[in-house]
Amino acid sequence: MNTLIKRIGAIRVTPSRFFGFWIALAAILFAMTSCSDDLDVQQSYPFTVEVMPFGDKITKGETVELRFEIKPEGNYANTMYTIRYFQYDGDGTLKLVDGPTLVNNDRVLLESKTFRLNYTANSSDSHKFLVVVEDNFGTIPWEQTFEFNGKDSNEDNGVVDNGSIGMDSVSNSSL
């Protein structure tokens, strides 16, 4: 220990060594204090929902299938999506294919980002309902109104591209 002190004392301190020591010490302190242990992990991403084309006419007792795909701008594994709807014209039921029948304005957890809904008309009137998809982070929800006109049983049962109802986007990919 004594020899170490003598060796340190024998070192000649020049101005460049003196200032170099303080600059190196300042750089080390700056590097250690400028780091943060907090990770900036983004959990909430905006999303859209693509809807496949569907027919716009329905008769009492008929079922129309609506196919959806959620398209988030980023991917966070713990994001959960819920769906709810509000029917304000007509009488019918909306059911998740392979899932529960939806209750007006109650949220249901979606198991997948691709899902299908079956709407069954209980009357021959026109039908209007709003579908809302939300995530668990409170981002702006996706909403779309679906409209079906009543039709006579002798009308053509062809599928009509319903682009006039303000769909956000239509995907040609298979769900």
Side-chain angles (χ1 to χ4, degrees), residues 35-153 155-175:
C35 294
S36 173
D37 289 339
D38 297 333
L39 291 176
D40 188 22
V41 175
Q42 184 174 352
Q43 298 174 340
S44 176
Y45 292 98
F47 64 93
T48 59
V49 179
E50 292 182 355
V51 182
M52 294 295 292
F54 55 91
D56 68 343
K57 295 189 184 283
I58 193 168
T59 60
K60 182 177 181 180
E62 185 179 1
T63 299
V64 174
E65 182 180 76
L66 305 170
R67 293 196 265 169
F68 300 82
E69 184 173 2
I70 299 171
K71 299 279 192 168
E73 289 182 12
N75 191 13
Y76 180 67
N78 294 329
T79 302
M80 294 183 293
Y81 296 95
T82 59
I83 188 169
R84 61 186 170 98
Y85 88 106
F86 178 73
Q87 184 157 8
Y88 52 90
D89 195 12
D91 182 25
T93 58
L94 192 63
K95 180 183 184 322
L96 276 165
V97 173
D98 301 327
T101 299
L102 301 178
V103 177
N104 209 10
N105 219 16
D106 278 358
R107 283 187 177 90
V108 173
L109 182 65
L110 292 170
E111 301 289 327
S112 173
K113 290 180 185 172
T114 58
F115 59 96
R116 295 176 295 158
L117 296 173
N118 282 341
Y119 180 75
T120 304
N122 295 336
S123 69
S124 57
D125 301 331
S126 64
H127 302 265
K128 291 183 185 177
F129 56 91
L130 174 72
V131 173
V132 180
V133 176
E134 300 168 298
D135 68 7
N136 57 324
F137 295 108
T139 57
I140 298 173
W142 174 87
E143 299 178 346
Q144 182 173 322
T145 299
F146 293 87
E147 299 180 30
F148 299 100
N149 296 318
K151 71 176 179 179
D152 295 331
S153 59
E155 286 187 40
D156 183 27
N157 290 333
V159 174
V160 177
D161 185 340
N162 204 356
S164 63
I165 65 167
M167 292 177 18
D168 289 340
S169 60
V170 176
S171 171
N172 293 327
S173 64
S174 173
L175 297 177

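By convention here, the first residue in the shown sequence is residue 1. Bear in mind that the values here come from a model prediction, so they are computed numbers and not experimental data.
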Item to check | Aromatic plane relationship, Phe54 with Phe146 - under 30° parallel, 30 to 60° tilted, over 60° perpendicular | outcome: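 Taking Phe54 first and then Phe146, their aromatic rings sit tilted (interplane angle of 30° to 60°).
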Between Asn136 and Met80 (side chain of the first, backbone of the second, donor and acceptor by atom type, cut-off under 3.5 Å), is there such a pair?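 Yes; at least one donor-acceptor contact below 3.5 Å.
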May I ask you to decide if Met52's main-chain N or O and Glu50's side chain share a donor-acceptor pair within less than 3.5 Å?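 No: the side chain of Glu50 does not pair with the backbone of Met52.
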Calculate, to the nearest 0.5 Å, the distance between atoms [atom1] and [atom2] belonging to [X] and [Y] respectively.
{"X": "Lys128", "Y": "Asn149", "atom1": "NZ", "atom2": "CG", "value": "8.5 Å"}
{"X": "Asn105", "Y": "Phe86", "atom1": "CG", "atom2": "CZ", "value": "6.5 Å"}
{"X": "Leu110", "Y": "Asp135", "atom1": "CG", "atom2": "CG", "value": "11.5 Å"}
{"X": "Asn78", "Y": "Phe137", "atom1": "CG", "atom2": "CZ", "value": "6.5 Å"}
{"X": "Leu102", "Y": "Tyr119", "atom1": "CG", "atom2": "OH", "value": "12.0 Å"}
{"X": "Asp98", "Y": "Asn118", "atom1": "CG", "atom2": "CG", "value": "9.5 Å"}

Any non-hydrogen side-chain atom of [X] less than 4.5 Å from a side-chain atom of [Y]?
{"X": "Phe148", "Y": "Val64", "value": "yes"}
{"X": "Asn122", "Y": "Thr93", "value": "yes"}
{"X": "Val51", "Y": "Gln144", "value": "yes"}
{"X": "Leu117", "Y": "Leu96", "value": "yes"}
{"X": "Val108", "Y": "Pro100", "value": "yes"}

>> With side chain to side chain contact (heavy atoms under 4.5 Å, CB included) as the criterion, how do Val131 and Ile83 come out once you've worked through the C-alpha distance, each side chain's angles and the decisive distance to 0.1 Å?
In response: CA-CA 7 Å; Val131 173; Ile83 188 169; 3.7 Å; yes
Using a strict 4.0 Å threshold on nitrogen-to-oxygen distance, state whether Arg84 and Glu134 make a salt bridge.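 Yes.
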Heavy-atom pair of closest approach, residues [X] and [Y]:
{"X": "Val133", "Y": "Phe47", "value": "O-CZ, 3.4 Å"}
{"X": "Glu69", "Y": "Thr114", "value": "CG-CG2, 3.5 Å"}
{"X": "Thr120", "Y": "Gly61", "value": "CG2-O, 4.1 Å"}
{"X": "Tyr85", "Y": "Val103", "value": "CE2-C, 3.9 Å"}
{"X": "His127", "Y": "Gly90", "value": "ND1-CA, 3.8 Å"}
{"X": "Leu94", "Y": "Phe129", "value": "CD2-CE1, 4.1 Å"}

Fill in: Residues forming a salt bridge (charged side-chain N to carboxylate O under 4.0 Å, His left out) with Glu65, sequence neighbours excluded
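Result, salt bridge (charged side-chain N to carboxylate O under 4.0 Å, His left out) vs Glu65: Arg67, Arg116.
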- request: Could you tell me whether Tyr81 and Phe115 have their ring centroids closer than 6.0 angstrom?
  value: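 No, the ring of Tyr81 stays outside the 6.0 Å limit from the ring of Phe115, centre to centre.
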Discussion item. If you count every heavy atom of other residues, nucleotides or ligands that lies below 6.0 Å from Lys113 atom NZ, does the total exceed 12?
Written reply: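 Enclosed: over 12 neighbouring heavy atoms sit under 6.0 Å from NZ of Lys113.
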